[in-house]
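Below is one structure, written out as structure tokens; comments come after it.
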Amino acid sequence: MEEAHKVHSQSPLYSDEKAQSPRKISSFRRHRYRTLGAVATTIAILGITLGVGLGVGLTNSGDAPSSTSTVTSDKRSSPPIATASQGLSCQAGSLSLLGGLNVVANTTPLWQPLPGTPWQIVLNSPIDASRSLTPALSVYDIDMYGNSALTIQQMHLQGIKVICYFSAGSWEIYRPDAGMFPPQDIGNDLHGWPGERWLNTESKAVRDIMANRIKLAAEKGCDAVDPDNVDGFGTDTGFPLTSGTALNYLSFLSLTAASYNMAIGLKNAGEIAANATCMVEFAIIESCIANGECDIYQNFIAAGKPVFQIEYPFGAPTRVSKQDLAKSCKIKGNEGYSEVIKGKELGGWVEYCDGTIFNTATYG
Ligand SMILES: *[C@@H]1O[C@H](CO)[C@@H](O)[C@H](O)[C@H]1NC(C)=O
């Protein structure tokens with residue numbers, strides 16, 4: 001998104017909010033998760049052991065897509081075109097970027113949320129689903145590592161579909177599997193945030209680790225995954241990543257998620273939005289109003305897939321003025337999107353464009 005941010009740097013909205021890139025948000029997450037650092041450190045060795053075990057399991061079961069395996073995972077069928085005017089439809093088999101991978105059509109459809117579905121996202125601490133969650137919505141995005149299988153089970157009992165967040169394109173020092181990445185696959189710092197570094201997403205070792213993360217998401221009961229930082233191209237990552245490699249990586253992540261019957265979203269990466277629409281079930285985007293780029297995700301709405309939009313206006317998560325709320329909400333370009341107003345820490349606080357505010361319960 002770096003290029004897009006530059007292109008739109010003259011956006012009249014939020015001239016003081018422009019630094020709100022996903023990088024900055026990641027740093028908030030990092031700081032918050034430092035509070036979980038003790039846990040992460042304690043289980044780091046366990047994580048390595050588990051990771052190796054998972055790797056062996058994947059190899060033995062043939063679940064891991066490779067150039068020689070057959071993956072019964074293309075469960076993406078044409079969704080009903082709701083009220084779309086343009087009627088973009090995604091045919092099974094559209095994941096053609098993994099040339100050489102023998103994809104066998106499977107008739108079990110993946111979870112496909114509808115455009116406009118309201119949602120909530122909480123990444124900075126585990127959520128407390130032991131009692132009825134507020135807001136009472138059918139879609140939540142939560143951290144894959146930070147939340148337990150029990151929490152996800154409790155959410156399912158409340159009729160909630162769970163999207164599990166993890167970083168697919170950056171190395172984060174505090175994650176339990178941080179020690180498994182080959183040093184040569186860990187690249188430059190995310191701009192301004194030393195300690196979180198770009199990954200070589202073309203590396204088989206990195207992909208194996210990400211396949212393990214997706215498997216862990218499946219074991220925890222996640223309905224979908226939200227792989228962040230797939231947009232390193234256009235940034236000085238230290239690796240020759242391009243929009244082409246990003247699409248190839250996304251199709252790998254998508255096929256792997258589908259092999260566990262999980263849906264997947266595209267996170268930001270507007271440059272590849274049009275080409276990626278048929279590889280995923282939804283998009284999750286940040287600051288498209290602030291950056292003046294909402295319309296580039298309209299392909300998703302046309303294909304019957306939701307665009308989950310986050311804006312971080314001044315004042316959130318304490319108090320957003322009526323004027324700022326209005327500027328952060330419906331504009332030309334984000335018609336049909338599922339918008340939340342959040343603080344950059346991505347905690348339990350959320351406001352919706354009708355002015356209603358909720359605080360989702362969290363642990364810690
Ligand atoms: C994206 O799709 C367009 C139109 O089909 C194609 O020309 C372009 O090469 C694609 N980009 C990549 C990176 O595959």
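Note that the coordinates shown come from a computational prediction; the quantities given were computed from them, not determined experimentally. Remember, it's 1-based here, ligands and their atoms both numbered in the order they're listed.
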Next on the checklist: side chain to side chain contact (heavy atoms under 4.5 Å, CB included) for Asp226 and Cys164? Distances and angles first, verdict last.
Outcome noted: CA-CA 6 Å; Asp226 168 16; Cys164 291; over 6 Å; no
Next on the checklist: Would you say Ile357 ends up clustered with Leu325 if hydrophobic residues are merged whenever their side chains have heavy atoms under 4.5 Å apart, either directly or through other cluster members?
Outcome noted: yes
Next on the checklist: List ligand 1 atoms under 4.0 Å from Asn275, heavy atoms only on the residue side.
Outcome noted: 1 (C), 2 (O), 3 (C), 8 (C), 10 (C), 11 (N), 12 (C), 14 (O)
Checklist entry - Looking at Val122 and Thr362, what are the two nearest heavy atoms and their distance? => result CG1-CG2, 3.9 Å
Checklist entry - Is the centre of the Phe308 ring less than 6.0 Å from the centre of the Phe282 ring? => result yes
Item to check | Distance filter under 4.0 Å to Ser243 heavy atoms, resulting ligand 1 atoms | outcome: 13 (C)
Checklist entry - Does ligand 1 have a heavy atom under 4.0 Å from the side chain of Leu247, from its backbone, from both, or from neither? => result side chain
